[in-house]
Amino acid sequence: MRPVEFEITHICRQSGARTGILHTPHGDVETPMFMPVGTQATVKFISPEELYDMGAGVVLANTYHLWLQPGEDILVKAGGVQKFMNYHGPMLTDSGGFQVFSLSKLRKIEEEGVSFRNPRNGDKLFLSPEKSIHIQNCIGADIMMSFDECIPYPATYEYAKKSMERTLRWAKRGKDANQRPDEQALFGIVQGGDYEDLRDYCAEKLVEMDFDGYAIGGTSVGEDKTTMYRMVKWSQEKLPFDKPRYLMGVGAVNDLLEAVSLNIDMCDCVLPTRIARHGTLMTSQGRINISRPQYRDDFATLDPQCDCYTCRNYSRAYLHHLTRTKEGFGTRLLSIHNTRFLLKLMEEVRQAIKEDRYDDFKRETLANMKFDERGF
RNA sequence: GCGGCUAUGGUGAAGUUGGUUAACACACUGGAUUGUGGCUCCAGCACCCCAGGGUUCGAGUCCCUGUAGUCGCC
């Protein structure tokens with residue numbers, strides 16, 4: 001018995017997309033799903049109670065950030081991240097691989113691991129597959145991620161190949177280092193840039209190592225949509241059908257809908273919470289920047305089709321006012337809305353799959369939302 | 001009434017011995033944001049320096065008059 005088991009519940013006769021249930025030590029969640037990101041053991045501005053209320057399932061936390069602060073020893077003393085932050089649903093930790101890519105200019109990637117500087121204070125840091133898994137064991141989330149290298153786009157074939165092969169070796173080392181394989185699942189991550197044979201090979205080798213699930217990494221790093229969807233497609237062709245597939249870092253509406261068509265079961269993204277902090281909202285009629293002057297005296301509901309706490313209780317004019325005055329409550333209300341918006345979108349996705357009309361749903365949803373090519 | 005001081009965009013204000021595209025900040029208006037450095041980043045925003053006249057090759061910068069504000073005195 002694995003710590004995390006995946007059960008496919010329906011395959012859409014129209015699209016081939018699937019619904020499933022992810023069974024975790026902290027409860028079952030339906031897929032396809034969107035996972036809110038709580039980097040520092042909190043989804044910024046949203047309480048655990050609010051997360052339950054809006055139907056959140058898996059919540060992410062970040063190995064890199066929790067390692068630096070408060071430190072993995074504190075997580076152990078707390079009895080794991082769920083107890084620490086009082087969120088009792090399933091959780092997943094990213095390995096820190098992406099942070100090495102995104103936060104640090106001064107880094108040196110070697111076979112043993114990655115040396116880099118803490119961009120905040122200049123401290124010398126070193127992260128390796130073993131160390132990442134050790135910290136993730138301390139954090140204690142239901143699902144852990146392999147420590148991988150996320151390469152930029154574009155990358156040469158030679159570099160993408162070299163990096164992908166190293167990511168495979170790191171995946172093996174991380175798997176061997178896992179001290180709690182019966183309590184915490186571990187996912188492998190497919191890399192390989194935008195090269196079909198590399199993605200294909202990487203997936204095949206990861207499957208030989210037999211992970212609990214498989215993720216697709218190295219996307220949303222500056223490539224265009226067509227390239228990204230190709231990368232996803234190439235990555236998952238060799239993946240076992242009955243294992244969960246996780247597309248990392250994707251949260252634009254059109255990307256989520258396309259990912260589901262490609263049999264992706266899980267996605268996570270900072271997008272809804274990050275853009276909320278800057279006043280941008282996703283609604284059923286398209287994107288809104290609530291700070292614009294036109295909303296000053298707009299007393300309508302933010303999104304009449306949304307059932308979130310914000311839309312049930314507050315007007316656009318009030319949200320505009322809170323945003324202009326930089327009140328923290330405004331940030332909370334906008335973050336709640338955007339997060340619920342994507343969770344609800346995925347509820348509708350699952351319903352459409354179960355009713356064998358996912359292609360129709362995707363087409364109509366994109367038409368109604370009038371998002372631009374970015375998809376939000 | 002007399003004397004001094006000041007007068008630059010929506011706001012606070014830089015503007016060197018008069019010399020080119022009027023600093024900076026805030027506000028404002030757009031935009032960005034995809035495995036999170038929350039309160040960020042990028043861009044735009046004074047056809048003109050209270051009004052009028054003068055000196056000068058050239059004036060926000062010098063001179064005169066007016067106006068407004070401000071302080072002091074009667």
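Just so you know, these numbers come straight off a predicted model, no measurement behind them. Hydrogens, waters and symmetry mates play no part in the numbers below; they use all other heavy atoms, side chains included.
- The distance from atom CG of Asp255(A) to atom P of G35(B) is 11 Å, rounded to the nearest whole Å.
- The pair Arg2(A)-Asp210(A) meets the salt-bridge criterion, since a charged nitrogen lies less than 4.0 angstrom from a carboxylate oxygen.
- The pair Lys225(A)-Asp255(A) meets the salt-bridge criterion, since a charged nitrogen lies less than 4.0 angstrom from a carboxylate oxygen.
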(Q) Is there a ring-ring contact (aromatic ring centres under 6.0 Å, His included) between Phe187(A) and Phe211(A)? Walk through the geometry before answering. (A) CA-CA 5 Å; Phe187(A) 282 24; Phe211(A) 284 93; 8.7 Å; no

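- Comparing the P positions of A23(B) and C47(B) gives a spacing of 12 Å, expressed to the nearest Å.
- Rounded to whole Å, the distance from CZ on Phe376(A) to P on U33(B) is 5 Å.
- A donor-acceptor pair under 3.5 Å links the side-chain atoms of Thr24(A) to the main chain of His26(A), judged by distance alone.
- Taking the charged nitrogens against the carboxylate oxygens, Arg340(A) and Asp307(A) do have a contact shorter than 4.0 Å, which makes a salt bridge.
- The residues Glu165(A) and Lys205(A) are annotated as not salt-bridged, no charged nitrogen and carboxylate oxygen being separated by less than 4.0 angstrom.
- Spacing of P atoms, C50(B) relative to U8(B), comes out at 6 Å, to the nearest Å.
- If Ser146(A) and Gly328(A) are placed on RNA chain B by their nearest nucleotide, the residue sitting closer to the 5' end is Ser146(A).
- Ionic pairing of Glu208(A) and Lys238(A) is not present here: no N-O contact between side-chain nitrogen and carboxylate oxygen is shorter than 4.0 angstrom.
- Listed pair Arg374(A) / A32(B) meets the phosphate criterion, a side-chain N or O lying under 4.0 Å from OP1 or OP2.
- Lys354(A) and Glu30(A) are joined by a salt bridge, as a carboxylate oxygen and a charged side-chain nitrogen come within less than 4.0 angstrom of each other.
- Rounded to the nearest Å, the gap between the C1' atom of U17(B) and that of G12(B) is 28 Å.
- With hydrogens and angles left out, the side chain of Ser102(A) and the base of U36(B) share no donor-acceptor pair within 3.5 Å.
- At a threshold of 4.0 angstrom between heavy atoms, the contacts of Ser335(A) with the nucleic acid are absent.
- The interatomic distance linking Met144(A) (CE) with G35(B) (C1') rounds to 16 Å, in whole Å.
- For the P atoms, the distance linking G66(B) with C2(B) amounts to 10 Å, nearest Å.
- In this structure, CD1 of Ile275(A) is placed 13 Å from P of G31(B), rounded to the nearest angstrom.
- The strand RNA chain B forms stems, runs of 3 or more Watson-Crick or G-U wobble pairs with distances below 3.5 Å, at B:1-7 with B:67-73, B:10-12 with B:24-26, B:28-32 with B:40-44, B:50-54 with B:62-66.
- Separating the C1' atom of G53(B) from that of A14(B) is a span of 28 Å, rounded to the nearest Å.
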Produce the list of close N/O pairs, under 3.5 Å, pairing protein atoms with atoms of nucleotides 26-29 of chain B; give distances to one decimal.
{"from": "C28(B)", "atom 1": "OP1", "to": "Arg324(A)", "atom 2": "NH2", "distance (Å)": "3.2"}
{"from": "U29(B)", "atom 1": "OP1", "to": "Arg324(A)", "atom 2": "NH2", "distance (Å)": "3.4"}
{"from": "U29(B)", "atom 1": "OP2", "to": "Arg324(A)", "atom 2": "NH1", "distance (Å)": "2.9"}
{"from": "U29(B)", "atom 1": "OP2", "to": "Arg324(A)", "atom 2": "NH2", "distance (Å)": "2.5"}

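- Residue-level contact check: Asp268(A) touches the backbone only, with heavy atoms under 4.0 Å from sugar-phosphate atoms and none from bases.
- The existence of a salt bridge linking Glu149(A) and Arg166(A) is confirmed by a sub-4.0 Å separation between a basic side-chain nitrogen and an acidic carboxylate oxygen.
- To the nearest angstrom, P of C41(B) lies 14 Å from CZ of Arg277(A).
- Note: CD (Gln69(A)) to P (U36(B)) measures 16 Å, nearest angstrom.
- When heavy atoms are screened at a 4.0 angstrom cut-off, Thr219(A) is found touching no nucleic acid atom at all.
- Using atom P as the reference point in both G60(B) and G19(B), the two lie 10 Å apart (nearest Å).
- At a threshold of 4.0 angstrom between heavy atoms, the contacts of Ile189(A) include nucleobase atoms, whether or not backbone atoms are also involved.
- Cys267(A) comes within contact range of no nucleotide atom at all, as no heavy-atom separation falls under 4.0 Å.
- Residue Arg287(A) places at least one side-chain N or O under 4.0 Å from the OP1 or OP2 atom of A32(B).
- Here the C1' atom of nucleotide G35(B) and the CZ atom of Phe101(A) are 10 Å apart, to the nearest Å.
- If you check U33(B), G35(B), U36(B) against the side chain of Gln191(A), the one that comes closest is G35(B).
- Counting non-hydrogen atoms under 4.0 angstrom, Gly218(A) reaches a base of the nucleic acid.
- Dashed line: the shortest gap from a side-chain N or O of His65(A) to OP1 or OP2 of G37(B) is under 4.0 Å.
- Checking the phosphate oxygens (OP1, OP2) of U36(B), a side-chain nitrogen or oxygen of Asn62(A) falls inside 4.0 Å.
- Between the P atom of U36(B) and the CG atom of Leu342(A) lies a distance of 16 Å, rounded to the nearest Å.
- Contact check on Arg363(A) versus Asp359(A) returns no salt bridge, with no Lys/Arg side-chain nitrogen under 4.0 Å from an Asp/Glu carboxylate oxygen.
- At a threshold of 4.0 angstrom between heavy atoms, the contacts of Phe45(A) include nucleobase atoms, whether or not backbone atoms are also involved.
- Annotation: U29(B) and A46(B) have their C1' atoms spaced 16 Å apart (nearest Å).
- Between C63(B) and C45(B), the two C1' atoms lie 35 Å apart (nearest whole Å).
- A donor and an acceptor atom sit less than 3.5 Å apart, one in the side chain of Asp148(A) and one in the base of G35(B).
- Salt bridge annotation for Lys362(A)-Glu258(A): present, with a cationic side-chain nitrogen under 4.0 angstrom from a carboxylate oxygen.
- For Arg199(A) and Asp194(A), the salt-bridge test fails: no basic side-chain N is under 4.0 Å from an acidic carboxylate O.
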